[in-house]
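One structure below.
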Amino acid sequence: MSAGTTAGATIQAHDLTRRFGAFTAVNRVNFVVPPGKVFGFLGPNGSGKSTTIRMLIGLLEPTSGSVTGFGGLDVARDTEAWKKRLGYMSQKFSLYVDLSVEENLRFFGSLYGLEPGRLSERIRDLSGRLEFGDLLPAMTGGLSTGQRQRVALAAALLHEPELLFLDEPTGGVDPKGRRLFWDLIYELAADRHMTVLVTTHYMDEAEQCDRLAFILNGGIIAEGPPHDLKDGLRGRIFEVPAPPGADPFEELSRVQNAPPLEDAYLFGRRLRVVARPGEDAAARRLVEPLGPPQIAEPSLEDVFVSLARRVPAETEKVAV
């Protein structure tokens with residue numbers, strides 16, 4: 001879906017820009033999120049992800065550009081109406097550590113205006129679904145990181161929002177907890193048509209999103225379904241095993257800056273090289289001394305590295 005397609009969109013960012021003095025943190029960002037989809041927003045630390053999300057939810061005013069959705073609401077103009085329709089789980093833990101888990105949930109439920117009986121029902125449902133029912137009497141400050149994140153997700157879902165923002169929701173969460181998170185996210189998107197916008201450092205999670213946008217240094221450098229982004233990777237990836245007794249780091253050092261390669265990296269005990277466009281044959285010859293090269297399936301890391309290399313150095317950060 002192109003940035004100009006607005007019909008039925010849950011959220012649309014149009015030329016969204018945020019400057020801090022002479023520094024442009026987010027530069028003319030455009031994307032559209034359809035209803036009932038899981039939209040992944042990916043990029044390294046400092047790329048502008050969190051700044052963008054703060055503008056999308058109405059916590060930070062854009063320098064220019066707009067955020068619209070829900071059939072005509074504008075974040076800047078209809079801030080309170082917008083906030084009532086979304087849930088937000090921040091990267092930093094946002095619950096009160098000197099309250100119990102249940103007291104936290106009841107407090108946030110009251111802010112959302114939930115009637116007491118309905119709030120009790122939602123707490124029971126979410127604590128069961130996210131497997132922390134036995135922790136309801138516990139003080140929040142004594143919980144592990146993973147337990148806190150589950151409670152924070154429940155707090156963001158109490159009022160059954162139409163749009164859910166998750167900013168690095170599974171950081172520090174164990175694999176079982178991550179699975180609980182994503183099972184619930186998929187269920188909400190598929191069965192209840194909730195729209196989810198998530199930032200994550202985990203590429204296996206990003207693979208499960210319906211659509212992705214990569215942000216680098218404040219600008220979107222690619223957008224699309226994960227399989228389309230991987231199919232569009234320039235240059236074939238070859239993989240060879242590191243011979244027994246060989247130092248894989250020495251082999252990596254040998255080929256890393258070779259002219260026919262866009263990238264080279266270790267993948268376990270195997271060496272992967274990404275050929276530059278039109279250099280497949282030369283890249284293959286370069287690694288053939290280590291064994292017969294096999295064509296490898298590109299990962300989202302490969303896609304991002306390839307995209308990042310195309311960004312001109314002079315445009316990586318924009319100052320005005």
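As the structure is a prediction and not an experimental result, all values here were calculated from the model.
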Verify whether one side chain among [X] and [Y] offers a donor that lies under 3.5 Å from an acceptor in the other.
{"X": "S120", "Y": "R106", "result": "yes"}
{"X": "D191", "Y": "Y186", "result": "no"}
{"X": "N104", "Y": "T140", "result": "yes"}
{"X": "W182", "Y": "E205", "result": "yes"}
{"X": "S50", "Y": "D167", "result": "yes"}

(request) Sequence neighbours left out, what pairs pass ring-ring contact (aromatic ring centres under 6.0 Å, His included) with at least one residue falling in residues 108-160? (result)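 Output for this query lists Y112-H159.
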(request) Please assess E160 against R118 for the test salt bridge (charged side-chain N to carboxylate O under 4.0 Å, His left out), listing each intermediate value before the final yes or no. (result) CA-CA 11 Å; E160 299 179 273; R118 178 58 178 159; 2.5 Å; yes
Looking at [X] and [Y], what are the two nearest heavy atoms and their distance?
{"X": "L59", "Y": "Y88", "value": "CD1-CE2, 4.1 Å"}
{"X": "L157", "Y": "M194", "value": "CD2-CE, 3.9 Å"}
{"X": "V97", "Y": "M139", "value": "O-CE, 4.1 Å"}

Distance under 6.0 Å and angle within 45° of the ring axis: does [X] meet both against [Y]?
{"X": "R211", "Y": "F39", "value": "no"}
{"X": "R272", "Y": "F267", "value": "yes"}
{"X": "R178", "Y": "Y202", "value": "yes"}
{"X": "R179", "Y": "F181", "value": "no"}

(request) To the nearest 0.5 angstrom, please state how far the CG atom of D15 sits from the OG1 atom of T17. (result)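 Reported value, rounded in 0.5 Å steps: 6.5 Å.
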(request) Give, for atom CG of D204 and atom OG1 of T200, the distance between the pair rounded to the nearest 0.5 Å. (result)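 The distance works out to 7.5 Å.
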(message) Below 30° counts as parallel, above 60° as perpendicular, anything between as tilted: where do the rings of F214 and F304 land?
(response)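 Tilted.
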(message) Between R285 and E288, does any NZ, NE, NH1 or NH2 come within less than 4.0 Å of an OD or OE carboxylate oxygen?
(response)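 Result for this pair is no, no salt bridge flagged.
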(message) L105 and side chain to side chain contact (heavy atoms under 4.5 Å, CB included): which single residue from L119, L136, L99, L126 fits?
(response)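 Per the side chain to side chain contact (heavy atoms under 4.5 Å, CB included) rule, the option paired with L105 is L136, out of L119, L136, L99, L126.
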(message) Just checking E61: does its CD atom have more than 12 heavy atoms from other residues, nucleotides or ligands closer to it than 6.0 angstrom?
(response)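 No, not enclosed.
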(request) Would you please test L16 and T52 for side chain to side chain contact (heavy atoms under 4.5 Å, CB included) and show each step? (result) CA-CA 8 Å; L16 196 59; T52 301; 4.2 Å; yes
(request) Output yes when a side-chain donor or acceptor of D183 lies under 3.5 Å from a complementary backbone atom of L180, and no otherwise. (result)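 Pair absent, no side-chain N/O of D183 close to backbone of L180.
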(message) Determine whether E301 and S299 satisfy the following criterion, side-chain hydrogen bond (donor to acceptor under 3.5 Å, both in side chains), listing intermediate values before the conclusion.
(response) CA-CA 5 Å; E301 288 97 332; S299 67; 3.2 Å; yes
